[in-house]
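Have a look at the structure below, then the notes.
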There are 2 protein chains.
Amino acid sequence: MARTQGAQTANAIAEVAASLFNEHGYEATSLRQIASEVGIQVGSLYNHIDGKNELLHNIMVGILDDLLDAIRNATAAGTDPVSRLVLALDCHIRFHALRSRDVFIGNSELRSLPPENRADVINRRDAYEEILRDLVSDVVHATGADPLDVRLQTYAILAIGTHVSSWYRPDGDMSLDDVVAGYTRVILRQLGIEEFGMRVGITTA
Amino acid sequence: MARTQGAQTANAIAEVAASLFNEHGYEATSLRQIASEVGIQVGSLYNHIDGKNELLHNIMVGILDDLLDAIRNATAAGTDPVSRLVLALDCHIRFHALRSRDVFIGNSELRSLPPENRADVINRRDAYEEILRDLVSDVVHATGADPLDVRLQTYAILAIGTHVSSWYRPDGDMSLDDVVAGYTRVILRQLGIEEFGMRVGITTA
DNA sequence: GAGACTCACTAGCGTACGTTCGTATGTAAC
DNA sequence: GTTACATACGAACGTACGCTAGTGAGTCTC
């Protein structure tokens, strides 16, 4: 056993760690549990990681990098502010629903990261928030809508994403398409641009 | 030292525990830390509690009982569905902002409760969600507004509350009154009853 | 085939944890 | 003043933790 198993084992460790962190929390998960579910001994973990904390750090930075990539790619296809926002909301909600495990870890385990590693996460989180705020801001300027309060509106969108990741289940009684369409309507209306949404294919049926 | 210190010490333990759970998380907080901040020895804690988990359970049940009491009292003064909802939103947002420490514990440490104690918390949480949903539902029926989706609307309100508890700071650059007024306008608009809100004193200035 | 490298094993290190116990001390009740 | 109780202390329990170190088996390179 050598040379070829490395990548697979490393992958399995990361997956198992994420599942256990999600289920019991970082502090309540032991390396012995992780090793046991992977099917190796505790000591062997250290052939693949530097320590327990690296597992958490990788998950948190990874999920935020993926989220930033996703929203940038999603909005690139938009031809005007409203369609860019609609594309962003689609991405935002789907991402949080489908990757709820890692999103939840990212949102709940910041305090388990040693302070020197927190900036990596906080900077990415701030960057995402800024992207959303700019999208909202652009829509407001382009449409002349009254946004009430851009900051609170942006927070509301962020909150919906986080919340979706905590209740949405693929086998629940609401399809992901319905969740996306429903929340998109709600958000466009709360921004005061319900009628602009219709022009890009969002209906209030 | 006897007979009279009991209640004060018990109180101090609960307060210190909540602060440390909020800061580091339940699992990462040791009874030795708690005892040390209270100014007693570890063993002495057991004159006041049955075990570490009781501390968490009391916080979680307590905050939800307070929240349920608050929303019931707040809405009692409402004379019609819209004003009841507005009163509820005021209470909802203020409560989450002002009691963010315990709210955060309640929202993030459910998995640290042993399964047999979770029902206490989940039942209260469900009860709160039902109260909000009924308020939304009543408003819709009374005003004839198109709610888009009552469930998603209710979730959005819940999400805003949870999110507020994570960012609002009394010394931040937005007053609590502004947060409440701002979010109330956003929520009334997303429900499609912006104009009804004005009748009960919410302005979109 | 020899050497280098990968990756797993086993055993054990020092430390911290939640909890229990016996004891001491101060206060209240009678 | 005696009795009973509330409350604190200090020491110790068994267990689990993250992590390290030494070793051996398999595999790739040349």
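These values consider heavy atoms only, across backbone and side chains, with no hydrogens, waters or symmetry-generated copies. These figures come from a predicted structure and were not determined experimentally. By convention in this document, chain letters (A, B, ...) are assigned in the order of the sequence lines, proteins followed by strands, and residues within each chain are numbered from 1.
Between A:T9 and C:dC7, a side-chain N or O to OP1/OP2 separation shorter than 4.0 Å is absent. Phosphate proximity of D:dC9 to B:S44: present, with a side-chain N or O under 4.0 Å from OP1 or OP2. Within the structure, a side-chain polar atom (N or O) of B:Q41 is placed less than 4.0 Å from OP1 or OP2 of D:dG10.
When every heavy atom of B:H96 is checked against every heavy atom of B:G161, the shortest pair comes out as CB-O, 3.3 Å. Looking at every heavy atom in both residues, A:E54 comes nearest to A:H48 through OE2-O, 4.2 Å.
Here the C1' atom of nucleotide C:dC9 and the CZ atom of A:R32 are 14 Å apart, to the nearest Å. What separates CD1 of A:I13 from P of C:dA8 is a distance of 7 Å, to the nearest Å. Here the P atom of nucleotide C:dG18 and the CD1 atom of B:I40 are 14 Å apart, to the nearest Å. Rounded to whole angstrom, the span from the CD atom of B:E27 across to the C1' atom of D:dG18 amounts to 15 Å. Taking atom CD of residue B:E54 and atom C1' of nucleotide C:dG18, one finds them 14 Å apart after rounding to whole Å. As rounded to whole Å, 10 Å separates atom P of C:dT19 from atom CG of B:L45. In this structure, CD1 of A:I34 is placed 14 Å from C1' of D:dC19, rounded to the nearest angstrom. As a whole-Å value, the separation of A:H48 NE2 from C:dA8 C1' is 8 Å.
Under the 3.5 Å distance criterion, with hydrogens and angles disregarded, no donor-acceptor pair is assigned to the side chains of B:Y183 and A:D149.
If you look at B:H92 and B:Y128, their ring centroids are closer than 6.0 Å.
The shortest distance between side-chain heavy atoms of A:R125 and A:V121 falls below 4.5 Å.
Out of D:dT7, D:dC19, C:dT19, the shortest distance to the side chain of B:L31 is found at C:dT19. Each of C:dG18, D:dC19, C:dA8 was ranked by its minimum atom distance to the side chain of A:Y46; first place goes to D:dC19. Comparing C:dT19, D:dA8, D:dC19 by their nearest atom to the side chain of B:K52 picks out C:dT19. Which of C:dC9, C:dG18, D:dG18 sits closest to the side chain of B:S30 comes down to C:dG18.
In the interface, the side chain of B:N47 is not paired with the base of D:dA6 through any donor and acceptor atom under 3.5 Å apart.
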